[in-house]
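Notes follow the structure.
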Amino acid sequence: LCPAPIDDNLAERLKDVALTAHKMIGARHLSRTDMIVDKEGTIWFLEINTIPGLTVNSLTPKAIAAAGLRLEDLLTVWIDDVTKEKTA
């Protein structure tokens with residue numbers, strides 16, 4: 001389900017973990033962090049994927065849409081970002 005049916009506090013904690021992992025490995029633009037939350041509320045980090053799937057049935061496009069964004073627009077921004085960087 002996307003977005004996940006979890007409370008806002010847990011969602012914020014998970015976002016913080018994912019963003020921390022993203023920054024720690026030097027990822028840019030897109031990554032997917034897989035985690036499990038146990039019954040006590042402990043977050044268990046499983047892995048980070050820096051090349052998550054972009055097919056119609058994968059979670060990444062669903063998450064982008066759930067955030068109110070269009071995949072096409074996001075990809076255009078990322079391509080422009082990388083292109084500007086290469087010419088600078």
Side-chain angles (χ1 to χ4, degrees):
L1 301 173
C2 186
I6 58 176
D7 68 68
D8 291 342
N9 182 34
L10 177 57
E12 198 59 37
R13 289 175 49 216
L14 291 166
K15 286 179 192 176
D16 289 345
V17 170
L19 185 57
T20 298
H22 182 89
K23 289 178 178 179
M24 284 180 70
I25 67 167
R28 292 180 28 177
H29 301 118
L30 178 66
S31 66
R32 187 196 71 235
T33 303
D34 297 341
M35 297 171 266
I36 293 175
V37 181
D38 65 22
K39 290 180 182 179
E40 289 77 35
T42 302
I43 298 170
W44 296 92
F45 173 88
L46 300 177
E47 68 177 342
I48 187 165
N49 185 338
T50 58
I51 310 175
L54 293 176
T55 62
V56 175
N57 293 322
S58 72
L59 184 57
T60 303
K62 292 175 185 175
I64 291 168
L69 303 169
R70 288 176 12 110
L71 178 59
E72 298 86 351
D73 296 338
L74 203 50
L75 291 173
T76 299
V77 169
W78 292 341
I79 291 167
D80 289 346
D81 183 46
V82 171
T83 303
K84 287 177 190 171
E85 199 174 275
K86 296 290 182 189
T87 61

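What you see below is based on every heavy atom in this structure, not just the backbone, and it leaves out hydrogens, waters and symmetry mates. This structure is a prediction, so every number in the text was calculated from the model and none was measured.
Distance check: Leu54 CG to Ile64 CD1 gives 6.5 Å after rounding to the nearest 0.5 Å. With rounding to the nearest 0.5 angstrom, the CG atom of Leu30 is 8.0 Å from the NE2 atom of His22. In this structure, Leu74 CG and Leu69 CG are separated by 6.0 Å, a value rounded to the nearest 0.5 Å. A distance of 10.5 Å separates NZ of Lys62 from OG1 of Thr60, quoted to the nearest 0.5 Å. Note that CD1 of Ile43 and CG of Asp16 are 8.5 Å apart. Values are rounded to the nearest 0.5 Å. Annotation: the span from Ile51 atom CD1 to Arg32 atom CZ amounts to 11.5 Å, rounded to 0.5 Å.
For Thr42 (side chain) and Asp38 (main-chain N/O), no donor-acceptor pair under 3.5 Å exists by modelled atom type.
A 6.0 Å sphere centred on CG of Asp80 holds more than 12 heavy atoms belonging to other residues, nucleotides or ligands. In the displayed structure, Leu46 atom CG is contacted under 6.0 Å by more than 12 heavy atoms of other residues, nucleotides or ligands.
Side-chain atoms of Thr33 and Phe45, non-hydrogen and from C-beta on, do get closer than 4.5 Å to each other. With a 4.5 Å cut-off on side-chain heavy atoms, Ser31 and Asn49 do not count as touching.
Contact between Ala27 and Thr50 at its shortest, heavy atoms only, is CB-CG2, 4.2 Å. Among all heavy-atom pairs drawn from Pro61 and Gly53, the shortest one is CD-O, 3.9 Å.
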Problem - side-chain contact (heavy atoms from CB on, under 4.5 Å) between His29 and Val77, worked out - result: CA-CA 10 Å; His29 301 118; Val77 169; over 6 Å; no
Practice task
Run the numbers on Arg13 and Val37 for side-chain contact (heavy atoms from CB on, under 4.5 Å), then give the verdict.
Solution key: CA-CA 11 Å; Arg13 289 175 49 216; Val37 181; 5.8 Å; no
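Clustering ILVMFWY residues whenever any of their side-chain heavy atoms sit less than 4.5 angstrom apart, transitively, puts Ile6 in the very cluster that holds Val17.
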